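Letters A, B, ... are given to chains in the order of the sequence lines, protein chains preceding strands, and every chain is numbered from 1. What you see is a predicted model; the values in this text were computed from it and never measured.
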There are 2 protein chains.
Amino acid sequence: MDDEWSIPAVAVAVDLVVLTIRSAQLQVMLVERGIEPFRGKLALPGGFLASEDEDLDTAAMRELTEETGLPAESLFLEQLHTYGAPRRDPRRRVISVGYLAILPDLPEPVAGGDASAASWVPVHQVLRRRPALAFDHARILADAVERARRRLEYTTIATAFCPAQFTVSDLRSVYEIVWGQSIDIRNFHRKVTSVEDFLIPTGERTTKNGGRPAALYRRGKTETLHPAILRDSTR
Amino acid sequence: MDDEWSIPAVAVAVDLVVLTIRSAQLQVMLVERGIEPFRGKLALPGGFLASEDEDLDTAAMRELTEETGLPAESLFLEQLHTYGAPRRDPRRRVISVGYLAILPDLPEPVAGGDASAASWVPVHQVLRRRPALAFDHARILADAVERARRRLEYTTIATAFCPAQFTVSDLRSVYEIVWGQSIDIRNFHRKVTSVEDFLIPTGERTTKNGGRPAALYRRGKTETLHPAILRDSTR
DNA sequence: ACAAAAGTGTTCGTTCTACACCCATGC
DNA sequence: GCATGGGTGTAGAACGAACACTTTTGT
């Protein structure tokens with residue numbers, strides 16, 4: 001791995017799939033491209049490494065805060081997959097490292113940096129309908145959504161979609177929306193509350209959803225679920 | 001993601017964690033570095049992208065066949081994670097895409113290309129003892145082994161450690177060796193043979209392990225396991 | 001006959017599923 | 001009171017763990 005000659009110089013980019021739940025839909029943050037190629041098309045937020053000294057994770061976090069204008073608190077960020085097809089960018093050879101970010105429902109993103117506009121778009125609308133995204137971003141998005149769906153089964157990332165305090169119902173609706181299937185209210189309640197260190201009761205209650213007041217929880221320290229909360233794959 | 005100015009040129013490498021089972025141990029293929037930096041140290045096989053037109057997966061496959069001298073049949077190859085810490089290579093900025101490859105027990109690897117020697121080394125020896133590997137390769141190896149262990153639970157990659165035909169015992173020993181824990185022979189047998197399209201009986205039998213002849217199987221088409229074969233995490 | 005490994009059956013406890021039922025609030 | 005959502009109880013099915021037992025070979 002050492003020959004100094006003939007090492008192609010490559011540009012390395014970081015692309016983010018930023019997911020949230022708004023209006024009871026799984027939505028992804030997209031930017032409208034201001035320049036060629038794919039000018040005017042929608043694309044994932046992202047960009048090239050800013051300097052020789054920037055780590056990949058740092059670059060992903062920087063892009064995220066630049067585009068959303070938000071502090072990095074209560075944020076889930078994970079590297080997904082690296083895409084390196086030779087002509088995925090028509091200008092030059094670009095390798096893109098895809099990241100998955102998950103946020104609670106937030107105010108409108110602030111357009112910033114090289115993005116002329118940033119907005120939330122329902123995922124099903126992006127994947128099922130035209131126009132497709134710029135570059136291979138539709139593929140990256142599809143991979144990210146599939147990863148998120150699996151992560152709900154085995155990990156506690158569902159809480160990353162929720163604000164600091166949330167009810168079991170809020171959490172359940174995350175599962176239902178991301179998976180696109182309904183879940184038995186009562187069994188779900190028992191399952192999530194019985195996992196050690198998953199949900200910490202705050203002692204407070206809320207009636208924001210109507211009906212009997214629901215207990216409020218905050219995320220616990222556990223990051224993996226044993227046993228898993230499995231999707232019904234027969235449906 | 002578009003400013004043409006100030007895009008750092010980066011070298012992109014592919015590093016492989018090639019695993020197999022030899023002498024009842026999980027072993028990894030390492031090469032001894034012939035040049036600086038880390039000359040004489042052990043490292044993962046890998047190298048830079050060969051040309052502007054080479055895809056990442058293609059590069060990984062090329063490196064693998066170059067180092068092992070083997071055809072790409074009956075091979076599991078999967079992208080793992082991308083490592084981009086600023087000074088992970090002292091010479092220049094290098095981003096490395098890590099791959100996991102799994103092979104059945106094979107003849108000694110053929111040293112080739114830029115590797116002065118390639119050999120199998122037990123994983124526990126590499127991770128637990130000195131000397132450490134070159135670059136951040138110890139970290140990449142540890143990540144890969146952890147990934148392989150999890151993949152055994154949810155997917156059928158265990159068969160990638162086995163030759164074309166194998167017994168249920170052979171498969172079980174893969175699980176026991178990779179996980180480092182023993183498994184009940186009888187429950188395992190029932191579990192794996194009851195998963196649809198996991199193991200296809202060839203009709204043949206073998207007595208190579210002594211005792212009653214065991215049925216021989218080949219891999220089926222299934223790639224995921226429902227339900228999973230879970231490790232006993234309490235041990 | 002005996003050792004050794006393959007493979008089957010059975011029991012028991014845990015977990016999942018479906019659903020009946022009660023609880024606490026707003027109107 | 002009644003609608004609405006929160007939360008508990010419980011019976012049956014499905015599954016996994018443990019282990020007794022039978023089968024089929026080599027020596």
Could you go through nucleotides 24-27 of chain D and list every protein N or O atom that sits under 3.5 Å from one of its N or O atoms, giving the distance for each pair?
unit_1	atom_1	unit_2	atom_2	d
dT24(D)	O2	Arg212(B)	N	3.4

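- Counting non-hydrogen atoms under 4.0 angstrom, Ser169(B) reaches the backbone sugars and phosphates but no base.
- The side chain of Asn209(A) approaches dG6(D) more closely than any other nucleotide in the set dT8(D), dG6(D), dG7(C).
- Distance Ile183(B) CD1 to dG16(D) P: 14 Å, rounded to the nearest Å.
- Among residues two or more places apart in sequence or in another chain, the ring-ring contact (aromatic ring centres under 6.0 Å, His included) test is passed with Tyr83(A) by His81(A).
- Side-chain atoms of Glu153(A) come within 3.5 Å of backbone N or O of Arg231(A) as a donor-acceptor pair.
- Note: CG (Leu216(A)) to P (dG6(D)) measures 11 Å, nearest angstrom.
- A salt bridge links Asp143(A) and Arg139(A); the closest N-O separation between the charged side-chain nitrogens and carboxylate oxygens is under 4.0 Å.
- Two residues, Thr167(A) and Ala228(B), neighbour DNA chain D, and the one matched to the more 5' nucleotide by heavy-atom proximity is Thr167(A).
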Enumerate all atom pairs, one protein N or O and one N or O from nucleotides 10-14 of chain D, separated by less than 3.5 Å.
unit_1	atom_1	unit_2	atom_2	d
dT10(D)	O4	Arg190(A)	NH2	3.4

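- In this structure, His226(A) atom NE2 and dT14(C) atom P are separated by 19 Å, rounded to whole Å.
- Contact between Ile21(A) and Ile177(A) at its shortest, heavy atoms only, is CG2-CD1, 3.8 Å.
- Each of dT8(C), dA20(C), dT17(C) was ranked by its minimum atom distance to the side chain of Arg186(A); first place goes to dA20(C).
- Lys191(A) places its NZ atom 14 Å from the C1' atom of dT14(C), with the value rounded to the nearest Å.
- Ring planes of Phe135(B) and His137(B): tilted class, angle from 30 to 60°.
- Thr167(A) contributes atom OG1, which lies 13.0 Å from atom CD of Glu204(A) (distance to the nearest 0.5 angstrom).
- For Arg149(B) (side chain) and Val178(B) (main-chain N/O), a donor-acceptor pair under 3.5 Å exists by modelled atom type.
- Counting to the nearest Å, the C1' atom of dA20(D) and the CG atom of Asp184(B) are 12 Å from each other.
- Counting non-hydrogen atoms under 4.0 angstrom, Thr193(B) reaches nothing in the nucleic acid.
- In the model, Asp15(A) has a side-chain atom that pairs as donor or acceptor with a side-chain atom of Ser96(A) under 3.5 Å.
- In this structure, the CD1 atom of Ile185(B) is 15 Å from the P atom of dA17(D), given to the nearest Å.
- The distance from atom CD1 of Ile229(A) to atom C1' of dT15(C) is 13 Å, rounded to the nearest whole Å.
- To the nearest angstrom, C1' of dC19(C) lies 17 Å from NE2 of His189(A).
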Report task. Before giving the answer on side chain to side chain donor-acceptor pair (under 3.5 Å), spell out for Asp170(A) and Ser173(A) the whole-Å C-alpha distance, their side-chain angles and the decisive distance to 0.1 Å. Result -> CA-CA 5 Å; Asp170(A) 295 337; Ser173(A) 81; 5.5 Å; no
